[in-house]
Colleague: 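Pasting a structure here, questions to come.
Just so you know, residue 1 is the first one in the sequence shown, and it goes up from there. Computed from heavy atoms alone, side chains included, the values below leave out hydrogens, waters and symmetry copies.
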Amino acid sequence: MALPHAARKAATAKNLLTASMAALALIGGSLLAPAAAVAAPGGSPAQSPSASTPGETTMKLVGFDEAAAKANGLEIVTLPDGAQAAVPAAKAAAARAGTYRPTKGVLPAKSAGAPGTNYAEITGECGTSWVNLSPTGYAWAVLTSGVRLHPEAGTPWDVHWTIEIKDRGGRSAPYFDEYDGFTGSFSWTMYGVDVHLTVGPATAQVTYGSFIITSEAWVCYSYGPKTSTNIY
């Protein structure tokens, strides 16, 4: 049935109003869309500023600036284990003596032990582990190793220490276990061991599984200083 002219006019106006409202809603929705959804150049969604970038690594401490330290009341010191730190000037003497050690901002001593130097060490959170293989002639050498602990780590309590020696004649692995107490001393040194090897190049390494339990209940692994020498 045909609608009267007035009814048709009202229906047309209603349809136009509905269409206009839909268009406004569409436009408004795009204007109110979250910023994260806006496409970045290249067509991909823009990243949140807090998003991590693949391949990022933590910033690493590599040294200290003398001028900045002085301007801020600090002093750059070398700690007893060879590590370095910038500490308040009033605590510099204590840091050098080993009675004060900062908990952050400590640059470990570089590992010693270039080929042929007989000795190597590695410094970490617990202290310094070291190994020495000194040739004495006629294919003999003296093997020694040990640990120097930071004071806050406590004193050696249990020691479980293995050293792997490799030379032209093969491989050997002397080990040392000592229990219950070296209180009063922050270091442990194994007795020197005479080892008979094969003439030529040789290496000695504290195995990664070697560890010390301290009087403060810390469990400290060596992480393997390694030295090389020439047996004659």
Colleague: For Val199, what are the other residues in its hydrophobic cluster, where any two members join if their side-chain heavy atoms are less than 4.5 angstrom apart?
Modeller: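 Members other than Val199 - counting any ILVMFWY side chain reachable under 4.5 Å - there are none.
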Colleague: Might you confirm whether atom OH of Tyr223 has over 12 heavy atoms from other residues, nucleotides or ligands at distances under 6.0 Å?
Modeller: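 At most 12 heavy atoms, drawn from other residues, nucleotides or ligands, come within 6.0 Å of this atom.
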Colleague: For Ala68, check side chain to side chain contact (heavy atoms under 4.5 Å, CB included) against everything at least two apart and list the hits.
Modeller: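 Per chain and number, Ala68 pairs via side chain to side chain contact (heavy atoms under 4.5 Å, CB included) with Asp65.
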Colleague: Mind checking ring-ring contact (aromatic ring centres under 6.0 Å, His included) for Tyr221 and listing every partner two or more places apart, or none if nothing turns up?
Modeller: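 Scan of Tyr221 (ring-ring contact (aromatic ring centres under 6.0 Å, His included), adjacent residues dropped) gives Phe211.
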Colleague: Are Leu74 and Leu79 in one and the same hydrophobic cluster, where Ile, Leu, Val, Met, Phe, Trp and Tyr link if side-chain heavy atoms are under 4.5 Å apart?
Modeller: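 Leu74 and Leu79: separate clusters.
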Colleague: Got Val193 and Phe176 here, is their nearest side-chain heavy-atom distance under 4.5 Å?
Modeller: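 Yes, at least one pair of side-chain atoms sits under 4.5 Å.
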Colleague: Using the side-chain hydrogen bond (donor to acceptor under 3.5 Å, both in side chains) criterion, which residues pair with His196? Sequence neighbours excluded.
Modeller: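 Once residues adjacent in sequence are excluded, His196 has no partner under the side-chain hydrogen bond (donor to acceptor under 3.5 Å, both in side chains) criterion.
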Colleague: Say you draw a straight line from OG of Ser129 to CH2 of Trp188; how long is it, rounded to the nearest 0.5 Å?
Modeller: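 If I round to the nearest 0.5 Å, the distance is 10.5 Å.
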Colleague: When you compare the side chain of Leu149 with that of Trp218, does any pair of heavy atoms fall below 4.5 Å?
Modeller: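 Answer no - side chains too far apart.
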Colleague: Is there a path from Ile213 to Phe186 through hydrophobic residues (I, L, V, M, F, W, Y) whose side chains come within less than 4.5 Å of each other?
Modeller: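 No: no chain of side-chain contacts under 4.5 Å links Ile213 to Phe186.
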Colleague: Counting C-beta onward and ignoring hydrogens, is there a side-chain heavy-atom pair between Thr214 and Pro156 closer than 4.5 Å?
Modeller: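 No. Closest side-chain heavy atoms not under 4.5 Å.
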Colleague: Please check if the side chain of Ser215 supplies one atom and the backbone of Gly154 the other of a donor-acceptor pair under 3.5 Å.
Modeller: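 Not confirmed, Ser215 side chain does not pair with Gly154 backbone.
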Colleague: For Glu152 and Glu216, work out which heavy atoms get closest and say how close.
Modeller: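 Minimum heavy-atom contact is O-CG, 3.7 Å.
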Colleague: Using the salt bridge (charged side-chain N to carboxylate O under 4.0 Å, His left out) rule, collect all pairs that involve residues 166-177, keeping only residues at least two apart or in two chains.
Modeller: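 Only Glu164-Lys166, Glu164-Arg171 qualify under salt bridge (charged side-chain N to carboxylate O under 4.0 Å, His left out).
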Colleague: Can you tell me if Thr128 uses its side chain to pair, donor with acceptor, with the backbone of Thr123 under 3.5 Å?
Modeller: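 Here the side-chain-to-backbone pair does not exist.
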Colleague: Could you walk me through whether Trp130 and Thr189 pass side chain to side chain contact (heavy atoms under 4.5 Å, CB included), step by step?
Modeller: CA-CA 9 Å; Trp130 59 272; Thr189 303; 3.7 Å; yes
Colleague: Where do Asp194 and Thr136 land on the side chain to side chain contact (heavy atoms under 4.5 Å, CB included) test, with the steps shown first?
Modeller: CA-CA 9 Å; Asp194 293 317; Thr136 55; 5.8 Å; no
Colleague: Can you name the nearest heavy-atom pair linking Val142 to Gly192, along with the distance?
Modeller: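 Between these two residues, the closest heavy atoms are CG1-CA, 4.3 Å.
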Colleague: Compare every heavy atom of Ala153 with every heavy atom of Cys126, then report the nearest pair and how far apart it is.
Modeller: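 Residues Cys126 and Ala153, closest heavy atoms: O-CB, 3.8 Å.
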Colleague: Counting N and O atoms only, with roles assigned by atom type, does the side chain of His150 sit under 3.5 Å from a partner on the main chain of Gly124, one being a donor and the other an acceptor?
Modeller: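 It does hold such a pair.
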Colleague: Write down the atom of Ile76, the atom of Arg96, and the distance for their closest heavy-atom approach.
Modeller: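 That closest heavy-atom pairing would be O-NH2, 4.0 Å.
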Colleague: Sequence neighbours excluded and cut-off under 3.5 Å, please list the side-chain donor-acceptor pairs for residues 200-209, or say none.
Modeller:
unit_1	atom_1	unit_2	atom_2	d
Gln205	NE2	Gly224	O	3.3
Thr207	OG1	Thr162	O	3.4
Thr207	OG1	Ser210	OG	2.9

Colleague: If you compare all heavy atoms of Ile231 against all heavy atoms of Ala139, which two are closest, and at what distance to 0.1 Å?
Modeller: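 Distance-wise, the nearest heavy atoms are CG2-CA, 3.6 Å.
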Colleague: For Pro102 and Val87, which heavy atoms make the closest approach, and how far apart are they?
Modeller: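 Smallest heavy-atom distance, with atoms named: CG-CG1, 3.9 Å.
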Colleague: Counting C-beta onward and ignoring hydrogens, is there a side-chain heavy-atom pair between Ile212 and Trp161 closer than 4.5 Å?
Modeller: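 Answer yes - side chains close enough.
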Colleague: Indicate yes or no: at least one non-hydrogen side-chain atom of Thr144 is less than 4.5 angstrom from one of Tyr119.
Modeller: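 The answer is no; the side chains never approach within 4.5 Å.
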Colleague: If you apply the rule side chain to side chain contact (heavy atoms under 4.5 Å, CB included), what do you find for Met190 with Leu143, and how did you get there?
Modeller: CA-CA 9 Å; Met190 58 173 256; Leu143 174 68; 4.0 Å; yes
